[in-house]
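Bear in mind that the values here come from a model prediction, so they are computed numbers and not experimental data.
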Amino acid sequence: MIIAQLLLPGASAYERKSQAIDAASLAAEHDVRIGAVGDADIVHIYAPRILDPATLRDITLPFVSNVRPKAARFTWPKVRQPARVITPLKEPMPPRELPKATPPRDRKTAPPETFIPEAVDDQYFYPATRQPATRATIGTFSRPSIRNIVEQTATRIHRFRDDVDWLLFDEQPSLDDLRGVDIWVDPAVEEEDADGFVAEAMAAGKAVVASRTEINTQRLEKGRTGILVPTHDPNELTHAILAALFKPELAQNKITASLQTVSKFRARHRVQALVRLYESILQ
């Protein structure tokens with residue numbers, strides 16, 4: 001199978017890491033072409049949250065994407081739709097219909113969403129505890145949407161403790177980065193935000209505190225393998241972080257449970273699901 005991958009500008013950190021893992025995993029048995037559609041059998045588009053229909057203008061092959069293209073009410077029939085919309089959620093939203101104002105002859109159901117599991121690069125599956133240190137360290141993947149909640153929470157933490165550092169990573173954290181922190185925190189404030197690298201932290205054996213978004217609730221098994229807190233709540237986030245840092249039995253219980261489930265993030269599960277999806281579309 002010839003698979004073309006298009007990583008569009010503005011794609012999220014989640015989509016960027018997924019594209020890299022997919023390319024490496026699929027290349028073992030398939031011809032993967034990055035950035036060139038050519039004579040491919042199928043196209044996989046890794047897009048930002050808003051997919052400009054103009055991007056699809058020259059694509060005539062069947063394609064899948066993580067989002068539906070943005071379309072004005074009366075231009076939908078002219079906009080090519082993906083054969084499937086990929087989601088990391090096991091319980092995706094049901095297909096949505098067009099606005100009622102659309103003429104009956106043009107009404108059609110939006111392409112269905114298909115669950116494709118999240119994957120973590122194999123290099124992260126080497127848990128290692130941090131060496132004892134005089135200061136506790138939190139790690140978080142930085143993005144503009146969480147700056148306010150991080151500032152509010154950090155201020156509250158420092159009212160109770162003066163021995164806590166909070167490291168913000170502008171790039172995907174490496175395994176060494178994760179080994180250098182005591183806990184990993186994802187204070188996501190948007191449901192669509194899957195960029196917290198929670199799965200990588202779990203694979204690396206770190207205790208995780210995360211906002212209770214759909215994706216984090218799924219990642220952390222509804223709180224069994226990590227601590228979930230309400231979104232936009234710096235007080236609850238503060239309490240959860242301090243508990244994870246200074247109640248070793250709580251953190252260790254979560255880590256133990258997490259390490260029993262992290263195999264679900266192995267890349268082989270994702271690539272198998274992708275191949276099945278591609279083949280079902282090409283039949």
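- For the atom pair CZ (Arg270) and OG (Ser18), the distance works out to 4.0 Å, reported to the nearest 0.5 Å.
- Aromatic rings from His158 and Phe160 are positioned such that their centres are separated by 6.0 Å or more.
- Using a 4.5 Å cut-off on side-chain heavy atoms (C-beta onward), Ile215 and Glu191 make no contact.
- Distance alone, capped at 3.5 Å, places no donor-acceptor pair between the His239 side chain and the Pro234 backbone.
- Glu221 is listed as a side-chain neighbour of Thr261, based on a closest heavy-atom distance under 4.5 Å.
- Residue Glu29 qualifies as open at atom CD: its count of foreign heavy atoms under 6.0 Å is 12 or below.
- Between the side chains of Tyr278 and His30, not a single donor N or O lies within less than 3.5 Å of an accepting N or O.
- At a threshold of 4.5 Å between non-hydrogen side-chain atoms, the residues Leu274 and Asp22 count as touching.
- With values rounded to the nearest 0.5 angstrom, Leu277 atom CG is found 5.5 Å from Thr114 atom OG1.
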Full working for side-chain contact (heavy atoms from CB on, under 4.5 Å) between Leu245 and Ile138: CA-CA 9 Å; Leu245 285 174; Ile138 305 164; 4.1 Å; yes

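- Side chains of Glu151 and Thr155: a donor-acceptor N/O pair is absent below 3.5 angstrom, by distance only.
- Residues Tyr124 and Leu220 fall within the same hydrophobic cluster, defined by Ile, Leu, Val, Met, Phe, Trp and Tyr side chains chained together at heavy-atom separations under 4.5 Å.
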Candidate pair Ile59 and Leu6, rule side-chain contact (heavy atoms from CB on, under 4.5 Å), full reasoning: CA-CA 11 Å; Ile59 297 178; Leu6 299 182; 3.8 Å; yes

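- A salt bridge between Asp195 and Arg143 is absent, with no side-chain N of the basic residue lying under 4.0 Å from a carboxylate O of the acidic one.
- When side chains are defined from C-beta on, Phe63 does not count as touching Ile42, because their heavy atoms never get closer than 4.5 Å.
- With values rounded to the nearest 0.5 angstrom, Thr231 atom OG1 is found 11.5 Å from Glu236 atom CD.
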With side-chain contact (heavy atoms from CB on, under 4.5 Å) as the criterion, how do Ile241 and Ile183 come out once you've worked through the C-alpha distance, each side chain's angles and the decisive distance to 0.1 Å? CA-CA 8 Å; Ile241 288 173; Ile183 66 170; 3.9 Å; yes

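- A cation-pi arrangement is present between Arg161 and Phe246, with the terminal nitrogen or guanidinium carbon under 6.0 Å from the aromatic centre and inside a 45° cone about the axis.
- Under 4.0 Å is where a charged nitrogen must lie from a carboxylate oxygen, and between Asp182 and Lys206 no such pair does.
- No more than 12 heavy atoms of other residues, nucleotides or ligands lie within 6.0 Å of CZ in Arg57, so this atom counts as exposed by the packing criterion.
- Remark: aromatic rings of Phe169 and Phe141 are distant, center separation not under 6.0 Å.
- No chain of hydrophobic side-chain contacts below 4.5 Å, direct or via other Ile, Leu, Val, Met, Phe, Trp or Tyr residues, connects Leu56 to Val64.
- Contact check for Arg224 versus Lys254: no side-chain heavy atoms found under the 4.5 Å cut-off.
- There is a side-chain donor-acceptor pair under 3.5 Å between Thr140 and Trp166.
- A cation-pi geometry, defined here as NZ or CZ lying under 6.0 Å from the six-membered ring centre and within 45° of its normal, holds between Arg266 and Phe125.
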How far apart are the C-alpha atoms of His232 and Gln152, what are their side-chain angles, what is the distance that settles it, and do they pass the side-chain contact (heavy atoms from CB on, under 4.5 Å) test? CA-CA 10 Å; His232 298 282; Gln152 292 180 47; over 6 Å; no

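- A donor-acceptor pair is defined here as one N or O able to donate and one able to accept, closer than 3.5 Å; no such pair exists between the side chain of Thr225 and the backbone of Ser258.
- A donor-acceptor pair under 3.5 Å is formed between the side chain of Thr87 and the backbone N or O of Leu89.
- Interatomic distance, OG of Ser142 versus CG of Leu167, reported as 11.5 Å (0.5 Å rounding).
- Between Glu200 and the options Gln123, Gln172, Lys17, a side chain to side chain donor-acceptor pair (under 3.5 Å) holds for only Lys17.
- Ion pairing between a basic and an acidic side chain is recognised when a charged N comes within 4.0 Å of a carboxylate O; Arg33 and Asp31 show such pairing.
- Pro187 has its side chain within reach of Val150: a pair of non-hydrogen atoms, C-beta onward, lies under 4.5 Å apart.
- Side-chain N or O atoms of Asn216 include none that pairs as donor or acceptor with a backbone N or O of Arg212 at under 3.5 Å.
- The CD1 atom of Ile50 lies 14.5 Å from the CZ atom of Arg68; values are rounded to the nearest 0.5 Å.
- For the pair Val67 and Ile45, the minimum side-chain heavy-atom distance is 4.5 Å or more.
- A salt bridge links Arg219 with Glu118: the distance from a Lys NZ or Arg NE/NH1/NH2 to an Asp or Glu carboxylate oxygen falls below 4.0 Å.
- With values rounded to the nearest 0.5 angstrom, Tyr46 atom OH is found 9.0 Å from Asn66 atom CG.
- No side-chain donor-acceptor contact under 3.5 Å links Arg84 to the backbone of Pro112.
- Looking only at distances, no side-chain donor or acceptor of Thr137 sits under 3.5 Å from a matching main-chain atom of Val181.
- In this structure, the side chains of Lys90 and Gln218 come closer than 4.5 Å at one or more pairs of heavy atoms.
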